[in-house]
Protein chains: 2
Amino acid sequence: MATARDVARRAGTSTAVVSYVFNDGPRGVAPATRQKVLDAAAELGYRPNALARSLSRGRTHSIGLIVPDICNPYFAELARAIEDAAGTTGNLLLIADSALSAAQERRHTLSLIERQVDSVVLVSVSDEPDLGAFFEAGIPVVALHPLSERDRRHASSLTIDYEAAAQRATEHLLAHGYGSVVLLNGPGESTGARQHRAGFDRAVAGAEGVRASAVRSEISRHRAAEVAEELLSGPERPRAVYCTTDEQAFGVLYAAHRIGLTVPDDLAVVGFDGTRNCLVSIPALTTVQQPTEAMARRVVEILAGRTVEDEPVHEILGFEFVARESSGGPAPA
Amino acid sequence: MATARDVARRAGTSTAVVSYVFNDGPRGVAPATRQKVLDAAAELGYRPNALARSLSRGRTHSIGLIVPDICNPYFAELARAIEDAAGTTGNLLLIADSALSAAQERRHTLSLIERQVDSVVLVSVSDEPDLGAFFEAGIPVVALHPLSERDRRHASSLTIDYEAAAQRATEHLLAHGYGSVVLLNGPGESTGARQHRAGFDRAVAGAEGVRASAVRSEISRHRAAEVAEELLSGPERPRAVYCTTDEQAFGVLYAAHRIGLTVPDDLAVVGFDGTRNCLVSIPALTTVQQPTEAMARRVVEILAGRTVEDEPVHEILGFEFVARESSGGPAPA
DNA sequence: TTGTAAGCGTTATCAC
DNA sequence: GTGATAACGCTTACAA
C-alpha cells in the first residue's frame with residue numbers, strides 16, 4: 001500500500017504538502033504542485049490510512065450503532081436510515097448487533113470504545129445499558145428509546161411517546177367495538193414496556209365493559225406465535241391484540257392462521273414500528289409508524305459536534321397511526 | 001483517557017513493559033513488576049488504544065462484510081452468523097450495507113480499505129464487484145456467491161450450487177404435477193441468475209408437456225408482489241412459481257392473497273435462502289435452505305491467516321431442500 | 001508556498 | 001528482566 005511518503009517522493013515534494021492537498025488545508029498549495037501530487041497519488045493508487053489519520057487527529061469520523069437484533073427488520077431499516085444520514089456528513093456507521101444478549105451488548109460497548117468511535121447511537125436490549133463506560137471514555141451517546149431517570153443524566157434520548165402511541169392504538173381497537181383486548185408486551189420491565197402498559201391501561205380505563213389483559217413474549221415472530229397460539233386457543237379468546245412490535249404482530253397473524261382464525265373478522269391485530277413489511281403481510285398490518293428517517297437525521301444532527309460535557313437533550317418525535325386491514329381498517333366515526 | 005505512558009509512569013516502569021504485560025510478550029516480565037503494572041492500569045482505567053495498536057501492528061483484527069441489503073432478513077441472518085463466527089476468533093465484524101446500490105458498494109469498498117480491515121466477506125449487488133481495489137490493497141476477499149471466470153483469480157468464493165438447487169426446487173414442483181411453472185429470477189444478468197435459470201431449464205427439459213416461462217423482479221417483497229400480481233392476473237396464470245429468494249416468494253404470497261388465490265391450492269410457491277421467516281409465513285414457505293451457519297464458520301476459517309498472495313479457493317457447500325405447505329408439502333413418491 | 005519535525009499511542013528491536 | 005528508542009502513517013505547528 002502506497003503511503004504519503006511514497007506520493008511525496010514521486011511528486012518531488014514533502015508529506016506535508018500531500019496532506020495539505022488531501023485535506024484542503026490547513027495551508028494552501030500552488031496549483032501546479034497540487035496537480036503533481038494528485039497525479040502521483042493516482043499513479044500509485046494512494047489511499048490515506050484512516051487509522052493513522054484518526055490517531056493523529058483524535059477523531060475517527062465513525063459512529064457506532066448498537067441494535068438489539070439486526071434480524072428484526074425495524075432495526076435493519078433504522079440502521080439503513082442512520083447510515084444514510086451519517087453518510088451525508090462523511091461519517092461511517094459501525095453496526096453492532098447484540099443478538100438479544102446483554103453480554104453481547106456489553107462486548108460491543110467495549111469494542112466501540114476501543115475503536116474510538118466519535119459517538120454512539122444506542123438501542124439497548126436491557127433497561128440498564130452501560131452508559132457509564134461511554135461516559136468515562138468521553139463518547140456522547142443518544143438512546144433511541146426512553147431512558148430511566150438515572151440514565152438521563154449520562155446520555156441523550158430521542159424517541160416517540162410510547163404511552164401516547166399505545167393509547168392511540170388501543171383506542172382504535174376499542175372504537176371498533178372489540179370488547180376484549182390483550183396487550184402483547186415485550187419481555188422484562190423496561191421503561192419502554194412500562195410506557196406501553198400505561199398507554200394501554202389508560203385507553204382501557206376510558207372505556208366501558210371491556211375485558212383487558214396483558215401477556216408478554218420475546219420480540220420475535222416465533223416466540224410471539226407460540227404465546228399467541230396458547231392465548232388464542234384458550235377459553236377466553238380475545239377479540240383484539242395490541243402488540244408492542246411489528247414482529248410480534250406478525251407472529252400473532254401466523255398463530256391465527258394456524259388455528260384457523262380470520263384476521264380481522266375473528267381477531268384484530270395492531271403492531272408497532274411501521275416496518276415496510278406491514279404493507280405486504282397477510283393481511284396488511286395496522287401499526288404505529290415510527291418516524292425512522294426523521295429520527296435518523298435528527299440523531300446525527302444531535303451528535304454532530306457534541307461532547308460528553310454537553311448537557312444531554314431529550315427529544316420526543318411525533319408518530320403516525322396507520323389503520324390497515326388487520327384491525328378492520330379505520331375506526332368508525 | 002489514560003495511555004501506556006501514564007501507566008508506566010505510575011508503575012515506575014517503561015511503556016515497553018506495559019506492552020509486554022498487556023500482550024503476554026514478546027518478552028517476559030517479573031511477577032512483581034507485572035502486578036505493579038496491572039494495579040496502575042486498573043487504577044487509571046487504562047484501555048489500550050486499538051487505533052495505535054493497529055497502526056503499529058499492521059492488523060486491525062476486523063473483518064469487513066458487505067451485503068447488498070441489510071433489510072433482507074437473509075443477509076441479516078448471515079451477518080449475525082458471521083459475527084458469531086468472527087467473534088470466536090477475536091475479530092470484529094464491520095457490517096456495510098450497500099442498500100442495493102452499486103455506488104454505495106463502491107463507497108464501502110473504499111471505506112473498508114481505508115480502515116484497513118484485515119479481510120472482506122463480500123456479497124455484491126452487481127456482477128462486477130470491485131475486487132481489484134481489494135487486491136491492490138492487499139486485502140483477501142471471499143465472495144459468498146458464484147464469481148465470473150475473470151474474478152475467480154482475484155478472490156475466493158464459498159457458495160452452494162445454485163444450479164443444482166434450482167433444479168431440485170423445480171423438480172419438486174413438477175413432481176407435484178403442476179403443469180405450468182414460472183421462474184421468478186432476480187434482476188440483471190449475474191452469474192447467480194444464470195445458474196438459477198440453468199437449473200430451472202434443466203428440470204423443465206426433463207418433463208413432458210410443461211408450460212414454463214421466466215420473469216424478473218428486484219429482490220424485495222414489494223417489487224415481487226407487483227410483478228406477481230400482474231402475472232397472476234393475466235390470462236395464462238401459472239400453477240407454480242419458483243422464486244430465487246425468500247423475499248420474492250413472500251411478495252408472491254402477498255400477491256396471491258390480494259387476488260384471492262389460495263396457496264397452495266391455486267398456486268404453489270417455492271423460495272430460496274431458508275430464512276427463519278419461512279416458518280411463520282402464511283402459509284409456511286417451501287425453500288432451499290442455505291447452510292448459513294456452516295458458511296459463516298467456513299468463511300472465517302478461510303480468511304484466517306490468508307493473504308492476497310495465496311491462491312484463491314472456490315468451495316461449494318451443500319444445501320437442503322425443505323418442503324412445506326406453500327408448495328403442497330413433500331412431493332408424492 | 002513549501003519543508004522540517006514533533007507529535008498521536010502503540011509495538012518491538014536492541015542494548016544493558 | 002527492563003528501558004531507550006525507532007518505527008507505524010498521518011497531521012500540523014513552526015520555520016524558511
| Axial bend angle, the helix from C:dT1-D:dA16 to C:dC16-D:dG1: five-pair end segments, nearest 10° | 50°
Quick one: [X] [atom1] to [N] [atom2], roughly how many Å, whole number?
X        : N      : atom1 : atom2 : result
B:Glu114 : D:dC10 : CD    : P     : 10 Å
A:Arg9   : C:dT4  : CZ    : P     : 13 Å
A:Leu51  : D:dC8  : CG    : C1'   : 10 Å
A:Arg59  : C:dG7  : CZ    : P     : 23 Å
A:Asp6   : D:dC8  : CG    : P     : 11 Å
B:Leu55  : C:dG7  : CG    : P     : 17 Å
B:Arg5   : C:dT11 : CZ    : P     : 15 Å
A:Phe22  : D:dT11 : CZ    : P     : 10 Å

| Counting side-chain heavy atoms from CB outward, which of D:dC10, D:dA4, C:dT10 is closest to B:Asn49? | C:dT10
| note | Testing D:dC10, C:dT10, C:dT2 for proximity to the side chain of A:Pro48, the answer is D:dC10
Using a heavy-atom cut-off of under 4.0 Å over every strand shown, decide if [X] touches base, sugar-phosphate, or nothing.
X       : answer
B:Thr3  : sugar-phosphate
A:Val18 : nothing
B:Arg47 : sugar-phosphate
A:Tyr46 : sugar-phosphate
A:Thr13 : sugar-phosphate

| query | Between A:His108 and A:Ile66, is there a donor-acceptor pair closer than 3.5 Å when you use the side chain of the first and the backbone of the second? | reply | no
| task | For the pair A:His154 and A:Phe135, name the ring-plane relationship: parallel under 30°, tilted 30 to 60°, perpendicular over 60°. | result | tilted
| request: Step through the shown structure and confirm whether more than 12 heavy atoms of other residues, nucleotides or ligands are within 6.0 Å of CD on B:Glu301. | output: yes
| request: Flag the pair A:Lys36 and A:Asp39 as a salt bridge only when some basic side-chain nitrogen lies within less than 4.0 angstrom of an acidic carboxylate oxygen. | output: no
Would you list the protein and nucleotides 12-16 of chain D atom pairs, both N or O, that sit under 3.5 Å from each other?
from   : atom 1 : to      : atom 2 : distance (Å)
D:dA13 : N6     : A:Tyr20 : OH     : 3.0

Looking only at side chains, do [X] and [Y] share a donor and an acceptor under 3.5 Å apart?
X        : Y        : result
B:Ser124 : B:Glu105 : yes
A:Thr159 : A:Ser157 : no
A:Thr89  : A:Asn91  : yes

| query | Between B:Ile70 and B:Asp97, what is the shortest heavy-atom contact and its length? | reply | N-OD1, 3.2 Å
| query | side chain to side chain contact (heavy atoms under 4.5 Å, CB included) between A:Leu92 and B:Arg115: does it pass, once the steps are laid out? | reply | CA-CA 10 Å; A:Leu92 182 73; B:Arg115 300 189 110 76; 3.2 Å; yes
| request: Look up atom CD1 in A:Ile302 and atom OG in A:Ser119, then write down how far apart they are to the nearest 0.5 Å. | output: 11.0 Å
